[in-house]
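The structure appears right after this line, and notes come after that.
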There are 2 protein chains.
Amino acid sequence: MASMTIIDIARICGVGVTTVSRAINNHPDISEETKAMIMKVIKENHYVPNNSARNLKRSASKTIAVLIKGITNPFFNRMIQVFEKEIQRKKYSFILQRVDENQDEIEVAIELEKEKRLKGIVFLGGYFAHAKEKLEQLTVPYVLSTIGMTPEYDPQEYSSVSVDDFKESYKMADYLCKLGHRKIAIITAPMSDVSIGKLRYEGYKKALEDNGLELNENLVRTMKEHIQSYSMENGYVVTKELLESGEDFTALFAVSDSLAVGACRAIFESGKSVPQDYSVAGYDGLDIAYYYNPSITTIQQPVEEIAEETIKILFDLINKKITHAHKIFPAELLIRESTIPPS
Amino acid sequence: MASMTIIDIARICGVGVTTVSRAINNHPDISEETKAMIMKVIKENHYVPNNSARNLKRSASKTIAVLIKGITNPFFNRMIQVFEKEIQRKKYSFILQRVDENQDEIEVAIELEKEKRLKGIVFLGGYFAHAKEKLEQLTVPYVLSTIGMTPEYDPQEYSSVSVDDFKESYKMADYLCKLGHRKIAIITAPMSDVSIGKLRYEGYKKALEDNGLELNENLVRTMKEHIQSYSMENGYVVTKELLESGEDFTALFAVSDSLAVGACRAIFESGKSVPQDYSVAGYDGLDIAYYYNPSITTIQQPVEEIAEETIKILFDLINKKITHAHKIFPAELLIRESTIPPS
DNA sequence: TTGTAAGCGTTATCAT
DNA sequence: ATGATAACGCTTACAA
């Protein structure tokens with residue numbers, strides 16, 4: 001049996017399609033009894049409305065899409081939960097759309113906006129170097145959440161919520177310096193990265209400079225491009241290489257907690273220990289940084305606040321209360337077992 | 001300016017809509033030059049076809065959806081990558097749809113099937129206790145991947161790929177027994193769970209029995225319902241409670257690696273160590289089990305093979321080569337630093 | 001090779 | 001309160 005349509009239901013009920021539509025969509029102009037009767041028939045016949053037809057006809061829907069670059073990142077888990085909760089609280093529905101690493105998030109967004117008649121979009125993660133012309137095709141409000149934006153963009157033209165990656169990274173590197181470390185290695189993004197990876201590296205560089213330390217290029221290590229970025233495996237491989245290079249260092253700053261975990265394992269396997277032989281610091285404030293052994297010193301981003309503020313700004317945009325906004329949250333340096341003064 | 005439609009493009013190009021459609025969809029019956037001209041106009045005007053309209057009109061599309069319960073689970077990351085790769089290799093497109101913990105995956109599937117004219121569905125994760133009547137509304141082939149199915153279902157009526165959770169869990173518990181442990185605690189799913197959590201618990205029970213060990217109810221701990229299931233935090237909280245209960249044990253089997261990580265941290269915080277004071281074992285074979293300190297003994301599921309076989313079966317179903325299939329892969333017991341004989 | 005026109009399954013407009 | 005009917009933007013017979 002082919003799939004039921006609204007017409008079949010109308011026929012079975014002996015009413016017009018409009019009435020059925022009214023019943024489905026909770027319209028006021030319908031008597032309780034006809035509605036109940038129609039709903040009963042719908043249940044019995046397992047009728048499910050076709051969303052494509054609905055979206056096509058509807059001029060606007062109350063839905064927000066969250067587009068994530070790299071859904072794999074545990075850092076986003078908590079944020080997604082908050083997004084979902086907040087969006088539902090506003091009586092909007094919520095679409096989570098994953099964007100592939102080599103897919104253009106703006107193109108996905110443009111397509112989705114048309115397909116689903118979106119009211120707003122949240123971009124989560126990734127870099128953001130798009131032609132202005134492309135951005136302009138997005139006719140609904142959007143907010144960049146924890147995304148590093150290239151500085152060439154006019155801040156008047158978009159909205160964002162994040163931490164100050166430069167400052168927070170500086171904070172961590174400065175802490176390591178103040179601990180007495182003078183040879184501090186870093187695992188960061190390839191220099192081609194224009195986003196948070198770059199900002200975190202710049203913070204490290206500045207902290208070294210301010211502490212009178214010279215930058216040793218041999219201690220600046222970048223993630224392997226062929227391995228999942230910011231992953232434990234990447235941290236492991238890069239650290240192994242660093243250790244084998246024989247270059248001397250006493251502390252290692254990995255720009256994500258996952259990288260730090262991989263780094264620790266590489267150190268253990270070389271017969272050394274953390275923090276006695278090497279201090280290791282991470283970034284993000286993931287659960288694993290707390291549960292790891294030793295627990296890992298990190299920069300904890302206030303994920304829930306970031307997510308809440310993202311939604312708040314998005315709805316202010318939707319309701320035309322504002323034209324743009326940028327919110328920067330402070331992150332917290334959590335000092336744990338993995339970092340001590342050099343021996 | 002309102003959004004462009006195919007009619008606008010046709011008008012601008014001075015051709016009919018059919019021709020534009022042909023250009024968009026790479027149809028053969030169109031001259032190279034008109035096609036090039038049309039594509040140029042499309043680019044210039046930023047025309048993007050409306051997917052809802054396409055899906056509505058199309059009778060069938062070449063797309064496969066993967067529905068995941070709990071996208072948060074790192075165990076699925078690798079699988080998703082494989083799914084995507086394999087599906088693209090078959091020239092099909094791929095939709096990843098997250099299903100909320102308290103959402104009914106079958107309902108989502110039914111809706112999506114109509115909306116996107118799916119060719120097939122993969123269900124990933126979660127339990128699976130659905131009314132047969134509901135399942136029957138799914139008119140396209142589907143495969144359950146790493147899902148525990150309630151035994152009441154007729155295996156003739158569905159397809160699945162997974163490991164034998166009972167057997168693999170038995171393997172781990174048996175290994176701990178053979179190591180000499182006689183007081184083996186377990187962290188598992190609440191008894192209401194009918195799925196993998198139950199199977200893994202049953203394997204543990206049987207192993208104890210076969211090794212002449214009596215089951216101590218006080219050593220059977222279940223995850224907290226209000227905390228994310230199978231998470232590090234859950235393992236941490238439950239283990240803390242276990243340690244504080246004063247009940248004696250020498251080994252702890254956590255039915256997921258994340259639980260095991262949380263368990264280890266709870267043990268460290270109580271001033272004890274792993275594996276000297278307590279052996280800890282996990283399940284799944286996540287990266288973190290290897291990178292953790294100590295590295296964690298686990299049951300490694302062959303995720304890539306499971307994912308590949310899932311797609312293979314799905315396409316065999318689509319091509320009507322088979323009516324159903326069940327594939328069970330062996331998993332591997334990886335003995336690492338976290339388990340030693342009791343002292 | 002190209003164009004015209006008939007749906008796809010809804011919702012919205014306008015009568016009744 | 002209810003129903004006929006015209007869109008929504010696209011693909012696809014069928015004609016030319």
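Order of the sequence lines fixes the chain letters, A, B, ..., with proteins taken first and strands second; residue numbering starts at 1 for each chain.
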Please list, pair by pair, any protein nitrogen or oxygen found under 3.5 Å from a nitrogen or oxygen in nucleotides 5-8 of chain C.
from	atom 1	to	atom 2	distance (Å)
dG7(C)	N2	K57(B)	NZ	3.3
dG7(C)	N3	K57(B)	NZ	3.2

Round to the nearest Å and state the distance from N51(A) atom CG to dG9(C) atom C1'. 11 Å

[Y]/[X] salt bridge by N-O under 4.0 Å criterion:
X       : Y       : value
K40(A)  : E44(A)  : yes
K116(B) : E115(A) : yes
E107(B) : K134(B) : yes

Hey, could you give me the CD1/CD distance between I95(B) and Q97(B), rounded to the nearest 0.5 Å? 8.0 Å

Could you state the interatomic distance from SG (C13(B)) to CD1 (I42(B)), rounded to the nearest 0.5 Å? 7.0 Å

Would you say the side chains of H326(B) and S160(B) form a donor-acceptor pair under 3.5 Å? yes

5' precedence on DNA chain D between I30(A) and H27(B) (nearest-nucleotide basis): I30(A)

Using a cut-off of 4.0 Å on non-hydrogen atoms, how would the nucleic acid contact of [X] be classed: base, sugar-phosphate, or nothing?
X      : answer
T34(A) : sugar-phosphate
N25(B) : sugar-phosphate
S21(B) : base
N50(B) : sugar-phosphate

I want to check a possible cation-pi pair here: K119(B) against Y92(B), using under 6.0 Å from ring centre and within 45° of the ring axis as the test. no

Along DNA chain D, first and last positions that approach a heavy atom of chain A under 4.0 Å: dA1(D) to dG9(D)

